[in-house]
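Everything on this sheet refers to the single structure shown next.
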Protein chains: 2
Amino acid sequence: MAQAHFDALLTASYVQTFPPGLELIRQGDPADFLHIVLDGSVELFGQWADRECTMAVVQPVSTFILAACIRDAPYLMGARTLERTRIMLIPASDVRAMFRRDGEFALAVIDELAASYRSVVRSAKSMKLRNSRERVASYLLRQSSLAEGVASYTLPVEKRLLASYLGMTPENLSRTLRTLEGDGVKVIGARVIITDRARLTALARPDRLIDGPDPVATSAGVGLPPSRDGGG
Amino acid sequence: MAQAHFDALLTASYVQTFPPGLELIRQGDPADFLHIVLDGSVELFGQWADRECTMAVVQPVSTFILAACIRDAPYLMGARTLERTRIMLIPASDVRAMFRRDGEFALAVIDELAASYRSVVRSAKSMKLRNSRERVASYLLRQSSLAEGVASYTLPVEKRLLASYLGMTPENLSRTLRTLEGDGVKVIGARVIITDRARLTALARPDRLIDGPDPVATSAGVGLPPSRDGGG
DNA sequence: CCATAAACTTGATGCAGGTCAAACTTCGCC
DNA sequence: GGCGAAGTTTGACCTGCATCAAGTTTATGG
């Protein structure tokens with residue numbers, strides 16, 4: 001986009017650092033600011049009737065709640081920091097004004113939205129088509145692929161959160177991980193060791209249309225993170 | 001958008017009528033055409049490992065698989081007609097070219113994508129936060145609201161498909177509907193009769209952030225249809 | 001380095017919802 | 001209008017996963 005327009009956005013926006021566990025956004029609130037994670041990580045979650053579930057974890061550098069800002073509609077998800085996190089906030093009205101003025105910016109918005117949409121669809125497919133054991137297995141395998149196929153890595157998030165993201169209870173995740181030891185993967189604490197990739201793959205049946213990656217991916221950045229310091 | 005540009009798109013595209021049950025799109029295929037339902041209805045579904053689930057039903061007038069076209073990526077979902085359906089097909093390359101040339105068109109694309117994104121997020125929240133009984137109850141209630149709060153209406157889709165959309169088996173849907181008779185709604189065949197709205201509402205706990213509608217909604221049109229002849 | 005809380009694990013138990021099988025009903029079609 | 005196929009319902013059964021209740025390990029902070 002035009003440098004002048006970019007500068008204008010920067011001027012209107014500001015950057016702030018938040019402590020861990022801080023609620024940045026309450027679901028249902030009007031979309032005041034587009035948020036961009038510069039550093040750290042943010043959990044997006046849904047709430048309903050005293051229940052809560054993790055929808056995604058946003059890693060740098062990535063926007064979140066873009067769609068709400070664009071439609072000037074209430075946030076569908078809440079957001080809280082998972083660690084000390086630096087975030088840039090751009091007034092939603094400036095975002096809406098800017099993609100009317102700057103064609104390049106509009107294109108970037110389109111691409112980001114399309115990527116986000118596909119990301120949620122993938123996640124929804126995984127939830128509806130796989131059982132929890134298969135979801136865990138494919139998650140573990142995917143994390144390995146994202147780290148260039150290493151056989152060992154550490155989980156990027158707490159198991160409690162991972163369980164919620166995968167649509168299961170922490171207890172069930174714990175048990176599932178134990179039973180997966182017979183299927184090619186061992187998890188000790190946050191350490192994952194793939195002992196038999198072929199076997200784990202046979203069980204997980206990873207699918208490009210669920211587990212990605214998207215061919216021309218620009219910077220999806222929504223979903224559980226590839227690694228602690230991942231770009232998306 | 002500019003009339004000349006609009007005409008150019010129309011020239012490149014064509015309209016075709018398909019019989020019921022025809023597979024329009026196979027998931028994983030390259031995104032050749034943006035599809036627009038002009039008449040009839042189309043099911044979007046996901047497949048994995050010999051399993052299948054309904055993701056959405058598209059009613060006129062609405063686009064589908066826009067995101068795949070934009071990213072020039074493979075379709076994440078398959079699509080089939082549910083009845084005799086008239087569809088406009090616009091070459092994906094023309095769509096991509098057009099929103100680069102025409103700012104107004106780009107804005108329309110942004111709005112459509114944002115609406116679609118929010119639609120999937122709502123659906124994902126419903127799946128993760130509600131049990132099947134609650135999903136059925138809120139679905140029945142929502143259909144009533146969409147038909148301006150009538151106490152009686154006919155289901156817009158087959159129960160088999162509805163079950164899949166709601167993430168349950170047809171058997172379980174059938175049983176759930178039976179047990180809901182004690183909670184303010186009776187379903188006879190495809191006929192829904194709300195006998196005690198307050199009671200059903202207490203059970204369904206409908207939520208604006210899951211069941212909509214989106215405040216400034218333009219034409220979301222993805223999800224199960226409000227009615228057979230609905231605009232969305 | 002210890003105290004406390006939080007996260008994680010393990011076990012026992014129960015139920016929501018899936019599966020299988022068999023009827024019954026509805027619908028499209030000749 | 002009757003036949004076959006598909007959709008729907010019902011019943012019996014079972015299992016995957018949630019829940020509840022301890023325990024154990026791991027972080028956090030003074």
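Lettering follows sequence order; numbering is per chain, from 1. In what follows, every heavy atom counts, from backbone to side chain, and hydrogens, waters and symmetry copies are set aside.
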B:Met127 CE to C:dG17 P: how many Å, rounded?
10 Å
B:Gly189 or A:Thr169, whichever maps to the more 5' nucleotide of DNA chain D
B:Gly189
Charged N-O contact under 4.0 Å between A:Asp211 and A:Arg142:
no
Pairs where residues 145-160 of chain B contributes a residue and the test side chain to side chain donor-acceptor pair (under 3.5 Å) is met, not counting sequence neighbours
B:Ser152-B:Arg191, B:Glu158-B:Arg160
Mind checking salt bridge (Lys or Arg N to Asp or Glu O under 4.0 Å) for A:Arg197 and listing every partner two or more places apart, or none if nothing turns up?
none
Test: A:Lys125 and A:Asp207 ion pair at under 4.0 Å
no
Of all nucleotides in DNA chain D that come within under 4.0 Å of a heavy atom of chain B, which is furthest toward the 5' end and which toward the 3' end?
D:dG7 to D:dA12
Nearest-angstrom distance from the residue atom CG of A:Leu161 to C1' of C:dA7:
12 Å
Rounded to the nearest 0.5 Å, how far does OH of A:Tyr75 lie from CZ of B:Arg118?
10.5 Å
Round to the nearest Å and state the distance from B:Met168 atom CE to C:dA16 atom P.
13 Å
Over 60° means perpendicular and under 30° means parallel, so classify the ring planes of B:Phe64 and B:His35, tilted if in between.
tilted
Please find the pair of heavy atoms, one from A:Thr81 and one from A:Pro20, that lie closest to each other, and give the distance.
OG1-C, 3.4 Å
Using five base pairs at each end, measure the axis-to-axis angle across the helix from C:dC1-D:dG30 to C:dC30-D:dG1 and round it to 10 degrees.
60°
Donor + acceptor pair across side chains of B:Arg130, B:Ser138 (<3.5 Å):
yes
Hey, what are the protein-to-nucleotides 22-30 of chain C N/O distances that come in under 3.5 Å?
none

So which heavy atom on B:Ala204 is nearest to which on B:Leu141, and how close?
CB-CD2, 4.0 Å
Round to a whole Å and report the spacing from CG of B:Leu166 to P of C:dG18.
11 Å
So which atom in B:Arg86 and which in B:Val15 form the shortest heavy-atom distance, rounded to 0.1 Å?
CG-CG1, 3.6 Å
Under 3.5 Å side-chain donor-acceptor pair for B:Arg84 and B:Thr17:
no
A:Leu162 atom CG is separated from C:dA7 atom C1', nearest whole Å, by 14 Å
What is the separation between atom CG on A:Leu155 and atom C1' on C:dA7, rounded to the nearest whole Å?
13 Å
Taking atom types as modelled, find out whether A:Ser164 and A:Glu52 have a side-chain donor-acceptor pair closer than 3.5 angstrom.
no
Check every strand shown and say whether B:Ser132 touches a base, only sugar-phosphate, or nothing at a heavy-atom separation below 4.0 Å.
sugar-phosphate
Is B:Gly167 touching bases, backbone alone, or none of the nucleic acid, heavy atoms closer than 4.0 Å?
sugar-phosphate
Does atom CZ of A:Arg26 have more than 12 heavy-atom neighbours, drawn from other residues, nucleotides or ligands, at distances under 6.0 Å?
no
Nucleotide N/O of nucleotides 10-13 of chain C paired with protein N/O under 3.5 Å:
from: C:dT10; atom 1: OP2; to: A:Arg178; atom 2: NE; distance (Å): 2.5
from: C:dG11; atom 1: N7; to: A:Arg175; atom 2: NH1; distance (Å): 2.8
from: C:dG11; atom 1: O6; to: A:Arg175; atom 2: NH2; distance (Å): 3.3
from: C:dA12; atom 1: N6; to: A:Arg175; atom 2: NH2; distance (Å): 3.3

Would you say B:Arg135 and B:Thr176 are linked by a side-chain donor-acceptor pair, where the criterion is simply a distance under 3.5 Å?
no
